[in-house]
2 protein chains.
Amino acid sequence: MAGKRSGKKRPQPGKSPRPTREPRGEPPLSLERIVATAVELLDTQGIDGLTMRRLADRLGSGVMSLYWHVDNKEDVFDLALDKVLEYRAPSDRAEPQGWRQEAVHVLEGWRASMLRHPWSASLLPRRALGPNILGRLELLANALSKAGVADADLNVAIWSLWNHVMGSTITRASFELTDDDQAAAQQRLAGLSERYPTIERSRLLLDSDWDGAFRKGLDYLLDGLAPIR
Amino acid sequence: MAGKRSGKKRPQPGKSPRPTREPRGEPPLSLERIVATAVELLDTQGIDGLTMRRLADRLGSGVMSLYWHVDNKEDVFDLALDKVLEYRAPSDRAEPQGWRQEAVHVLEGWRASMLRHPWSASLLPRRALGPNILGRLELLANALSKAGVADADLNVAIWSLWNHVMGSTITRASFELTDDDQAAAQQRLAGLSERYPTIERSRLLLDSDWDGAFRKGLDYLLDGLAPIR
DNA sequence: AGTTGACTAGTACAATGTACCATAGGACTA
DNA sequence: TAGTCCTATGGTACATTGTACTAGTCAACT
């Protein structure tokens with residue numbers, strides 16, 4: 001947090017006093033810079049690659065300085081996750097497409113964002129909902145509402161779709177392995193193939209059509225959830 | 001692994017020489033005991049509660065002794081996860097219910113196992129597939145095959161269903177918080193409610209019917225994936 | 001009696017998150 | 001001008017972790 005003792009308040013983006021301390025070295029620390037660098041690190045080094053020390057190094061600052069802007073490492077994860085899920089608010093006008101296109105658009109965008117940063121998929125299950133996530137949920141809720149889904153059924157619909165996105169993203173991210181791992185998995189499976197004949201036959205782990213599965217499943221869900229097409 | 005230098009082999013369960021070292025103190029270490037204790041620890045202390053030292057303490061052994069049976073901590077996670085997903089093979093005879101009941105049964109059992117050990121849900125995305133997971137997938141694949149799903153569509157069907165289970169389990173596990181967190185979440189959301197009116201209205205985060213959502217979504221998926229009822 | 005191989009465990013180390021403390025400079029007040 | 005306070009930085013130090021290295025014990029076999 002900004003201000004150790006202030007408990008919960010982050011610095012208002014309203015005005016920026018900007019002391020401009022450093023003559024010409026590094027720009028001063030800021031939440032944005034910290035989060036952006038954390039995302040960089042996560043993208044390049046993976047989830048275990050993010051350490052406070054490395055983060056500080058990249059920022060050209062001391063480790064403990066980070067803790068002025070951030071509560072702890074968990075906080076960094078939360079912020080990085082939400083950052084990655086930023087979304088462009090739909091340009092209010094235009095897009096009078098059907099509700100269904102709208103919903104599909106929201107969900108596919110969501111999935112795409114997460115696939116762009118594979119660590120986010122395995123992180124999200126443990127983290128709280130940030131504003132951007134909530135924003136996306138709100139968008140989805142709206143689309144469904146417009147589609148005539150009754151308020152009573154709204155939660156079921158939202159969660160089913162959310163689950164589909166989460167599940168397919170996580171699954172895909174965790175199976176998109178390095179070639180080494182891929183080979184190892186194939187190896188291991190081959191050894192046991194007599195016990196899993198059906199899986200073996202369909203080559204489930206090897207050449208699945210992730211995007212196709214996502215789209216198809218999504219269609220079925222939408223068909224069921226809001227029958228009016 | 002059993003045998004530091006032997007590389008990859010675990011001790012055959014074939015014969016058990018059982019030196020019966022300890023007179024009457026602790027039973028000797030074994031993979032089974034280690035894994036069972038790890039599960040215990042995970043159940044009671046959560047995912048961060050499992051440390052090699054704590055594990056050794058509970059087992060009444062030295063820390064490094066664990067490493068004779070296990071490669072590293074990751075290995076422990078893998079084994080614990082697979083252990084938790086053990087399943088009773090369906091009693092071959094009997095159960096000539098329809099394929100649909102069969103599929104539903106497999107999937108609900110799966111979900112139930114994971115909900116019984118909430119840490120498993122957040123662990124699975126990062127871990128490899130153990131034999132028990134594969135076994136369950138095989139079961140599912142069989143049911144769908146019997147239902148007349150073409151081989152070409154099998155992967156799509158399996159993944160869609162798997163995604164549904166994973167997603168709904170993970171979502172539920174991560175929202176089943178302590179009352180404190182629950183209150184905090186409500187607090188936070190209330191503060192932002194004007195920005196998320198639809199979500200607020202449906203009380204999405206507060207009183208969702210997880211089981212209902214799971215069942216309903218599952219039905220829609222099955223309807224779509226294997227139209228023959 | 002000697003050797004081997006399965007197994008146990010202490011010591012030690014490097015990496016990590018972060019509490020605590022000292023500091024510096026600008027802004028504001030007296 | 002001097003004093004005080006708030007924002008912000010970062011060094012030092014420590015507890016906790018996973019695990020490499022090493023030495024040991026005991027049973028079985030030669």
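Numbers restart at 1 for each chain; the letters A, B, ... are given by sequence-line order, proteins then strands.
In summary, the side chains of A:W159 and B:D209 do not present any donor paired with an acceptor at a separation below 3.5 Å, with no hydrogens or angles considered.
One can place CD1 of A:I34 at 13 Å from C1' of D:dG10, the figure rounded to the nearest angstrom. For the pair A:D57 CG and D:dT9 P, the interatomic distance rounds to 16 Å; values are reported in whole Å. We find that CZ of B:R33 is positioned 13 Å from C1' of C:dT8, with the value rounded to whole Å. In this structure, A:W68 places its CH2 atom 10 Å from P of D:dC6, rounding to the nearest Å. At whole-Å resolution of the value, CD1 in A:I47 and P in C:dT16 are 15 Å apart. For the pair B:L55 CG and D:dT19 C1', the computed distance is 14 Å after rounding to whole Å.
Look at B:H69 and you won't find any side-chain N or O under 4.0 angstrom from OP1 or OP2 of C:dA6. Within the 4.0 Å cut-off from OP1 or OP2 of D:dG10, at least one side-chain nitrogen or oxygen of A:S65 is found.
Residues in residues 45-54 of chain A take part in no side chain to side chain donor-acceptor pair (under 3.5 Å) pair, two or more places apart or across chains.
When all heavy atoms are compared, the tightest approach of A:A56 to A:V63 is CB-CA, 3.6 Å. Taking every heavy atom of both residues into account, B:F214 and B:L107 meet most closely at CZ-O, 4.3 Å.
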Distances for protein N/O vs nucleotides 11-18 of chain D N/O pairs under 3.5 angstrom?
unit_1	atom_1	unit_2	atom_2	d
D:dG18	OP1	B:K73	NZ	2.6
D:dG18	OP2	B:M52	N	3.0
D:dG18	N7	B:R53	NH2	2.5
D:dG18	O6	B:R53	NH2	2.8

Discussion item. With side-chain hydrogen bond (donor to acceptor under 3.5 Å, both in side chains) as the criterion, how do B:T171 and A:W162 come out once you've worked through the C-alpha distance, each side chain's angles and the decisive distance to 0.1 Å?
Written reply: CA-CA 9 Å; B:T171 300; A:W162 155 286; 2.7 Å; yes
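Using a 4.0 Å cut-off between a side-chain N of Lys or Arg and a carboxylate O of Asp or Glu, B:R195 and A:E138 do not qualify as a salt bridge. For B:R111 and B:D211, the salt-bridge test passes: some basic side-chain N is under 4.0 Å from an acidic carboxylate O.
Contact of the B:T169 side chain with the A:N163 side chain is not registered, since no non-hydrogen atoms from C-beta on lie closer than 4.5 Å.
Here the options are B:R127, B:K73, B:K83, the test is side chain to side chain donor-acceptor pair (under 3.5 Å), and the partner is B:D78; only B:R127 passes.
In the helix from C:dA1-D:dT30 to C:dA30-D:dT1, the rotation axis of the first five pairs and that of the last five pairs differ in direction by 20°, rounded to 10 degrees.
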